[in-house]
Amino acid sequence: MRYSQYLLSTLKETPADAEVVSHQLMMRAGMIRKVAAGIYSYLPLGLRSIRKVEQIVREEMNRAGAIELLMPMVVPAELWQESGRWEQYGKELLRIKDRKDSAFCLGPTHEEVITDIVRREVRSYRQLPLNLYQIQSKFRDEIRPRFGLMRGREFIMKDAYSFDVDEAGADVVYEKMYQAYRRIFERCGLRFRAVEADTGNIGGSSSHEFMVLADSGEDAIVSCDSCEYAANVEKAEVCDPQAEAPTPTQTLQKVATPARRTIEEVAEFLKARPEQLIKTLIVQTDAEETVAVLLRGDRELNDIKLCRLLGCNAVELASEELVKQVTGAPTGFAGPVGLKARVLADFEVRSMVDAITGANELDAHYTGVACGRDFAVEAFADLREAVAGDPCPRCSGKLEIWRGIEVGHVFKLGTKYSTALDASFLDAQGQEQVLFMGCYGIGIGRTVAAAIEQNHDANGIIFPMPLAPFQVIVTMVNPNDEPVNQAAVALYEELLELGIEVLLDDRDERPGSKFKDADLLGIPLRVTVGARGLKESSLELQERRSGQREMIPVAEVGAVVVERVRQALSA
RNA sequence: CGGAGCGUAGCGCAGCCUGGUAGCGCACCUGCCUUGGGAGCAGGGGGCCGGAGGUUCGAAUCCUCUCGCUCCGACCA
């Protein structure tokens, strides 16, 4: 492609609304343009990288035995009503009506549609197992889209769905897909971790997320420093310390704590450390149940763990009025002593003595509180967020914390959707059986964005070769210099012949601008064709990542470039 | 949805308080000049000042209402 004839304009300045590097650089490099909040056009350059990821995904899906199909983006409401998710899914599901006033939604995921296909097409165990996938635009009406392609409302996703005769069969595909995912992200040149994850509202029994490691990631993950254990913090288990409660040295005593509400304020006022406080959170479930949750003062509640314990879908901190109603005091003074409510506590609280808690009255706390002596707890459980240094739940190692970008997610769905949508088959005995399902997603655009998060410097993007929109850029220093122009065009044509993806920068711009643009676009290899090199019958080859330059005889450049590209693709 | 902020040329911004011909830098077009790390000079095109009402002789500027966007908290590839 000749730059002068391509649609590609770079920005010197960073658009004001781009927060993270990948968004900034994709805008500046002319890969994407925003159409509306969380909705982007992929300009030619951006689309090339997107297609690269799609191709890798396709190859690995096919290798893993999955079969490609394509489902509609607009889905009739009936299917979603049948699965129950029309009501459950919430505002993220964009609902629309057609001219006849029939209800549809834009598919945010396709369990319903695929299950509908399979229940119609599959009658016999002989047609199984089956693993189907598509690469398609999804729409989720996110409350707050941000970070460019990292969290758009419309985004390209690869989604695969597997159907098996039994759980053992489903486990086999799951493992196959897990391995395929590893290969995909390795081929994309990404540093990532596969972690145990919560299943969220997709449902199902277990799942893993594939997290690209990046400080700008929206997720926190833990991994063990000595074994293979890794998990999203949402899911990360914290062991029961099983510590013996020490003998209390203090007795219960009410103290005045005027206007001290937060853990920090109370701790400072009473000259104690946050660890000596018992944090009492009044929470309300989506089933309108109110419970008190106790945590050590310096810990954070993991609400997914709480939901699992309570068997509900969501919890939120109680409103000011509800807190007053339950504890008899404004927020900031809640405590378990004498509290008339269901009380649950994190494991750590069991051995706390000489502790400090709210006294359920304005401007007062208790000191010398001992768990078990001064208040009773209905159940102790793992309720807190894991932190760095926590013991590994699987071995004797310690947990480390990372930030990650979720680029892929694999789920074992069990029979949730097949039961709801009555997707069954006849087994060898002629008995009707329900299908076992799995589903497997990859955010295509997010993978490109994540690659940029991991691969950039002050000058711009540094694409890994497999994702680069072009493998080589040939920069002619001065297009008005005939010999230079001819040599550059000759090399460009030679590289095209050799099957290299090459961008020829033939613009009548000053060399400095062209070099800056080449760096910004992140094309892995650059060949500079200038009078200076031609004098010695050689051209300069520069590697984007290392910045290393070398002079190569004109006649050899083609072969060298082919070799470098080949190496970089197989690395 | 709650809280904060912003809408002026393709991008980044000033002007608004104190109403009076709509500006700057980048980008774009023409010409000259220049050509190994975002050159210089000269000329030029481009604006419903987000939209609708209102106040006023006169509104980008003041008032009201709207719409859009961005940022901070609960969802997800």
Side-chain angles (χ1 to χ4, degrees), chain A residues 9-19 23 27-28 30 33-39 53 57 89-93 108-109 135-147 149-160 181 197-202 207 209-212 218-219 232 234 283 286 303-304 307 313-317 319 405-411 439-450 459-460 475-481 484-485 507-520 526 528-534 539-540 542 547 549:
Chain A
S9 41
T10 57
L11 304 175
K12 266 193 209 175
E13 282 167 295
T14 301
D17 56 5
E19 283 277 301
H23 187 197
M27 289 293 299
R28 288 192 54 209
R33 290 290 182 254
K34 187 169 75 177
V35 177
I39 300 177
V53 175
V57 168
Y89 209 88
K91 291 271 188 68
E92 279 72 42
L93 185 66
T109 171
I135 297 177
Q136 183 210 33
S137 284
K138 294 281 184 281
F139 195 94
R140 292 184 191 169
D141 200 357
E142 297 275 349
I143 295 165
R144 193 149 84 79
R146 56 183 148 173
F147 301 158
L149 295 196
M150 293 257 265
R151 179 178 297 274
R153 290 193 292 171
E154 185 179 305
F155 57 98
I156 300 173
M157 174 166 145
K158 184 283 301 182
D159 46 326
Y181 273 40
D198 184 64
T199 50
N201 67 0
I202 302 277
S207 83
E209 289 168 335
F210 289 77
M211 294 283 190
V212 169
E218 293 187 89
D219 289 279
N232 193 308
E234 289 177 347
V283 302
D286 55 346
D303 45 359
I304 288 174
C307 284
N313 291 318
V315 292
E316 58 180 17
L317 284 179
S319 63
I405 301 165
E406 183 189 353
V407 290
H409 204 157
V410 294
F411 295 86
C439 77
Y440 319 88
I442 290 180
I444 302 287
R446 190 182 276 186
T447 299
V448 174
N459 292 319
T475 304
M476 53 171 83
V477 172
N478 179 2
N480 300 317
D481 181 329
V484 166
N485 194 310
R507 295 173 301 165
D508 188 10
E509 291 288 338
R510 312 220 357 137
S513 305
K514 298 201 222 185
F515 295 146
K516 287 286 185 192
D517 277 338
D519 287 351
L520 177 60
R526 185 182 91 205
T528 308
V529 183
R532 192 199 278 177
L534 283 182
L539 305 177
E540 180 191 88
Q542 177 165 4
R549 310 168 185 200

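Quick note on labels: first sequence line is chain A, next is B, and so on, each numbered from 1. The model shown is predicted, which means the values in this text are computed figures rather than measured ones.
- Val477(A) comes within 4.0 angstrom of a base, heavy atoms only.
- C71(B) atom P lies 7 Å from atom CG of Asp17(A), rounded to whole Å.
- Rounded to whole angstrom, the span from the CZ atom of Phe155(A) across to the P atom of A77(B) amounts to 8 Å.
- Regarding Arg140(A), its CZ atom lies at a distance of 19 Å from the P atom of A74(B), rounded to whole Å.
- Minimum atom distance to the side chain of Arg446(A) is reached by A77(B), of the listed G36(B), U34(B), A77(B).
- Here Glu234(A) lies out of heavy-atom contact (under 4.0 Å) with every strand.
- Residue Glu13(A) places its side chain closer to C11(B) than to any other of A77(B), C11(B), C72(B).
- Distance, Glu92(A) CD to C1(B) P: 13 Å, rounded to whole Å.
- The aromatic ring of Phe515(A) does not stack onto the base of G38(B), failing the criterion of a centre distance under 5.5 Å from the six-membered base ring together with planes under 30° apart.
- Arg28(A) comes within contact range of at least one nucleobase, with a heavy-atom separation under 4.0 Å.
- With G38(B), G36(B), G37(B) as the choices, the nucleotide that has an atom nearest any side-chain atom of Lys12(A) turns out to be G38(B).
- A straight line from NZ of Lys34(A) to P of U70(B) spans 4 Å, rounded to a whole angstrom.
- Checking A77(B), G38(B), C71(B) against the side-chain heavy atoms of Glu19(A) singles out C71(B) as nearest.
- When heavy atoms are screened at a 4.0 angstrom cut-off, Asp159(A) is found touching no nucleic acid atom at all.
- Across the protein-nucleic acid pair, Phe147(A) atom CZ and C75(B) atom P stand 16 Å apart, rounded to whole Å.
- Comparing G50(B) with G12(B), their P atoms sit 15 Å apart, to the nearest whole Å.
- Closest to the Arg151(A) side chain, of the nucleotides G36(B), C76(B), G12(B), is C76(B).
- On the C1' atoms, C75(B) is 48 Å away from U18(B), given to the nearest whole Å.
- Computed from coordinates, the Arg507(A) CZ to A39(B) C1' distance equals 15 Å when rounded to whole Å.
- Spacing between atom CD of Glu316(A) and atom C1' of C1(B) amounts to 11 Å, rounded to whole angstrom units.
- One N or O on the side chain of Ser207(A) and one on the backbone of Ala197(A) form a donor-acceptor pair closer than 3.5 Å.
- Comparing C71(B), G37(B), U35(B) by their closest approach to the side chain of Arg549(A) singles out G37(B).
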